[in-house]
Amino acid sequence: MSKVQNPQMLTANRLVDGDVLYWKGGDWVLTLVEGDVFADPKDADAALAAAQKYVTGNVVVAPYLFEVKRNGGGVTPVKEREVIRAAGPTVRHDLGKQATHV
Amino acid sequence: MYRYDEFDAKFVAERVAQFRGQVARRLSGELTEDEFKPLRLMNGLYLQLHAYMLRIAVPYGTLNARQMRMLAHIARKYDKGYGHFTTRQNIQFNWPKLVDVPDILADLATVEMHAIQTSGNCIRNVTADHFAGAAADEIEDPRPLAEIVRQWSSLHPEFVFLPRKFKIAVSGSPHDRAALKFHDMAVEIVKNAAGETGYRVLVGGGMGRTPYVGFVIGEFVAKEDILAFLESVMRVYNQSGRRDNKYKARVKILANALGPEEMHRQVMREFEEISRAGTLQVPREELDRIDAYFAPPKFETLPDTIPAGDADFADWTKTNTHPHRAPGYAIATVSLKPIGGVPGDATDAQLDALADLMDAYGIEEIRVSHEQNLVLPHVRKKDLPAIHARLKELDLATPNAGLITDIIACPGLDYCDLANARSIPIAQDLSRRFAGLARQQDIGELKIKISGCINACGHHHAGHIGILGVDKKGVEFYQLQLGGSGAEDAAIGDIMGPGFGEHEIADAVERVVDLYLKERQGDERFLDTYRRIGMEPFKTVAYGTGAHGVHTG
């Protein structure tokens with residue numbers, strides 16, 4: 001039985017500059033709020049498989065799935081690591097995605 | 001300071017060109033990520049939580065003004081306006097783009113800097129006492145030896161693919177400011193009964209998930225034999241260090257499994273073989289040539305008094321200046337720990353301004369300390385008021401060197417891909433909590449060190465008060481350790497017990513410190529009181545009544 005309890009999202013880093021990306025509709029976007037949320041683990045695994053073409057195409061590196069929780073109208077990552085990765089350093093609100101994307 | 005000769009310059013230039021080609025091949029797809037990763041790591045380039053991170057070596061912590069300006073330039077042009085000085089006398093940039101890294105390395109090469117061997121399973125950047133060549137208690141400047149070790153270990157064919165990373169530190173003073181006993185291998189310059197100087201070699205220290213205090217493997221190694229001796233240790237490690245399990249691959253595991261006697265026997269067997277071959281004797285003329293690069297500046301004859309100043313200046317000179325070997329001079333610590341700041345961070349403007357200040361006051365070098373501060377090693381005492389005034393304008397004059405707010409903290413979960421918990425916000429909380437200078441001065445020497453994971457980049461094992469961040473079911477907890485030391489009385493701190501929540505840890509530390517103030521006798525430091533009365537009284541007060549201790553082991 002899968003250990004996954006929550007919906008999942010797919011993320012990776014952009015090869016050319018390392019920026020954090022999220023999967024949306026067969027391509028990548030820059031912010032978590034825009035990304036696809038997979039309620040069904042099979043859909044999440046399919047997205048991860050589809051993302052491999054961007055790995056072999058040298059667009060992204062290290063794609064992986066992570067769990068999120070429904071939160072009102074949006075989602076919040078289960079792990080603090082993913083919360084920070086999606087926003088930027090908690091000690092420098094002028095840096096990371098939080099500085100340019102709300 | 002050391003200047004590149006033609007071979008050094010060629011070597012670094014070729015590495016830049018080589019990496020430029022590797023990056024191009026990665027971007028074009030000729031290299032996969034699996035193929036590229038070890039190549040980028042050999043050039044100090046990681047992929048971290050938000051972006052790439054470039055770690056640049058500052059060998060034995062020594063920089064000149066030109067190099068500082070280049071670091072400022074890189075922060076401004078290629079990063080987000082700041083750099084982070086680490087506990088290994090490196091500087092890290094947190095946001096470089098892969099496509100820019102070859103240009104960054106090319107810029108660094110113009111000022112004789114690079115990022116080679118700042119990561120990967122090789123001999124890393126050699127570190128040294130940050131007061132080298134200046135300290136009043138110094139037997140001999142350790143940096144010429146550090147430079148010889150750097151040259152010997154740079155791309156040494158036997159040591160490029162070790163089982164794990166290998167860290168070497170050197171010091172020339174009886175007071176250990178380089179955390180020698182927490183290095184894989186360390187060299188301490190000592191005098192024997194005949195008054196001759198030689199090298200005491202230690203091996204097997206380290207932090208991380210299995211911390212050990214290093215032990216002596218060579219009591220008095222002759223100067224000309226030092227490379228043969230160090231190479232002997234490396235050969236024993238290369239032959240017998242475990243390659244089947246990365247957690248057991250460090251030399252500390254091998255050394256402590258073998259024990260001092262067997263480790264010594266094996267090292268001496270190699271040493272005799274290398275000595276017979278006679279290929280690793282350092283020629284006297286080469287020692288003299290390198291020594292000359294580290295000749296101290298010509299010290300003027302000056303009055304040996306610090307001019308009077310205001311209360312801020314008096315506070316700063318009391319804590320942030322240290323005795324210099326030359327009358328009329330002082331060593332000044334530039335604090336990178338402003339109250340509530342990020343330990344070790346410096347902006348491009350601050351780096352540029354420091355370079356200007358060095359030029360203005362004839363200071364040829366600045367040092368990076370393993371405590372994440374900068375050090376001006378040769379300051380005329382008469383210049384201290386003006387230097388302090390300028391540092392104050394730059395927010396670099398916090399009078400807290402060695403005090404409770406002079407906290408070491410790794411980048412933690414705010415930046416690091418390996419971390420389980422944040423370190424910086426805990427350091428900031430504690431810094432604000434103990435901000436009052438009179439209270440800090442009353443508490444005296446107290447070293448708090450914080451790591452966001454078991455890898456211990458924040459040296460929590462060696463903190464008088466150590467804090468280890470752990471993740472427990474997605475929540476950050478912080479484990480307290482007491483009684484550690486990275487100095488000559490090196491010790492691994494004792495774990496207190498269940499961890500504290502993010503909002504409880506500062507209260508717990510404050511209760512521990514308050515108990516120390518109540519229990520201390522005479523001039524006892526926190527560490528002395530802890531060693532006298534032990535853990536139990538501190539444990540009793542730390543948990544108080546409201547803390548939600550969680551077993552984090």
Side-chain angles (χ1 to χ4, degrees), chain A residues 3-9 11-22 28 30-32 48 51-64 66-69 71 75-101, chain B residues 23 25-34 36-37 40 45-54 78-82 84 94-101 340-343 345 409 411-428 452 469 471 473-476 502:
Chain A
K3 288 183 179 175
V4 175
Q5 303 289 324
N6 296 293
Q8 297 178 85
M9 295 183 71
T11 184
N13 289 84
R14 189 158 58 198
L15 172 66
V16 70
D17 59 4
D19 208 348
V20 176
L21 302 175
Y22 297 92
W28 300 95
L30 281 166
T31 62
L32 180 139
L48 182 60
Q52 289 306 308
K53 73 175 179 185
Y54 291 94
V55 175
T56 53
N58 309 303
V59 176
V60 302
V61 292
Y64 63 91
F66 64 97
E67 291 185 83
V68 293
K69 284 182 177 172
N71 179 14
V75 294
T76 307
V78 171
K79 289 196 171 178
E80 185 72 13
R81 177 186 190 279
E82 296 303 329
V83 174
I84 293 170
R85 194 162 175 271
T90 64
V91 294
R92 289 288 303 266
H93 292 156
D94 59 325
L95 302 175
K97 296 185 186 299
Q98 61 201 345
T100 49
H101 302 277
Chain B
V23 169
R25 287 191 287 145
R26 175 68 188 104
L27 293 172
S28 72
E30 281 183 70
L31 292 174
T32 65
E33 185 62 18
D34 285 347
F36 180 63
K37 185 176 177 182
R40 67 169 159 78
L45 186 63
Y46 290 75
L47 185 56
Q48 290 282 38
L49 203 58
H50 308 290
Y52 290 100
M53 179 271 280
L54 181 65
Y78 301 106
D79 209 84
K80 293 183 186 263
Y82 71 108
H84 174 76
N94 289 308
W95 307 89
K97 296 177 172 63
L98 176 60
V99 287
D100 288 337
V101 173
V342 177
D345 275 10
L413 193 53
D414 278 302
Y415 292 95
C416 179
D417 200 37
L418 298 174
N420 297 315
R422 290 173 297 160
S423 304
I424 297 167
I426 305 304
Q428 291 174 313
D471 173 281
K473 294 181 180 171
V475 180
E476 295 164 299
E502 177 191 349

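Residue numbers begin at 1 in each chain, while the letters A, B, ... track the order of the sequences.
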For chain B, which residues of residues 83-90 of chain A have heavy atoms nearer than 4.5 angstrom | A/Ile84, A/Arg85, A/Gly88, A/Pro89, A/Thr90
Region of B/Thr32 in contact with chain A, defined by heavy-atom distances below 4.5 Å | neither
For B/Pro96, is it the side chain, the backbone, both, or neither that has a heavy atom closer than 4.5 Å to a heavy atom of chain A?
-> backbone
Kindly indicate whether the side chain of A/Tyr54, heavy atoms from C-beta on, has any atom under 4.5 Å from the side chain of A/Pro63.
-> no
Identify which part of A/Arg14 has an atom lying under 4.5 Å from any heavy atom of chain B, answering side chain, backbone, both or neither.
-> backbone
Side chain, backbone, both or neither: which part of B/Leu47 has an atom under 4.5 Å from a heavy atom of chain A?
-> side chain
Which residues satisfy the salt bridge (Lys or Arg N to Asp or Glu O under 4.0 Å) test with B/Asp100, sequence neighbours excluded?
-> none
List for me each residue that meets side chain to side chain donor-acceptor pair (under 3.5 Å) alongside B/Glu476, sequence neighbours excluded, and say none if there are none.
-> B/Arg422
Does any N or O in the side chain of A/Asn13 come within less than 3.5 Å of the main-chain N or O of A/Gly18, such that one atom is a donor and the other an acceptor?
-> yes
Are the side chains of B/Trp95 and A/Leu95 in touch, meaning some heavy atoms are under 4.5 Å apart?
-> yes
Name the option with the most non-hydrogen atom pairs under 4.5 Å to chain B; the candidates are A/Lys79, A/Glu80, A/Arg92, A/Arg81.
-> A/Arg81
Report the relative orientation of the aromatic rings in B/Tyr82 and B/Tyr415; use parallel for angles under 30°, tilted for 30 to 60°, perpendicular for over 60°.
-> tilted
Is there a donor-acceptor pair under 3.5 Å between the side chain of A/Glu67 and the backbone N or O of A/Gln5?
-> yes
Under the side chain to side chain contact (heavy atoms under 4.5 Å, CB included) test, which residues partner B/Ala409, sequence neighbours left out?
-> B/Pro343, B/Ser423, B/Ala427, B/Ile450
Whatever's closer than 4.5 Å to a heavy atom in chain B on A/Val61 counts as side chain
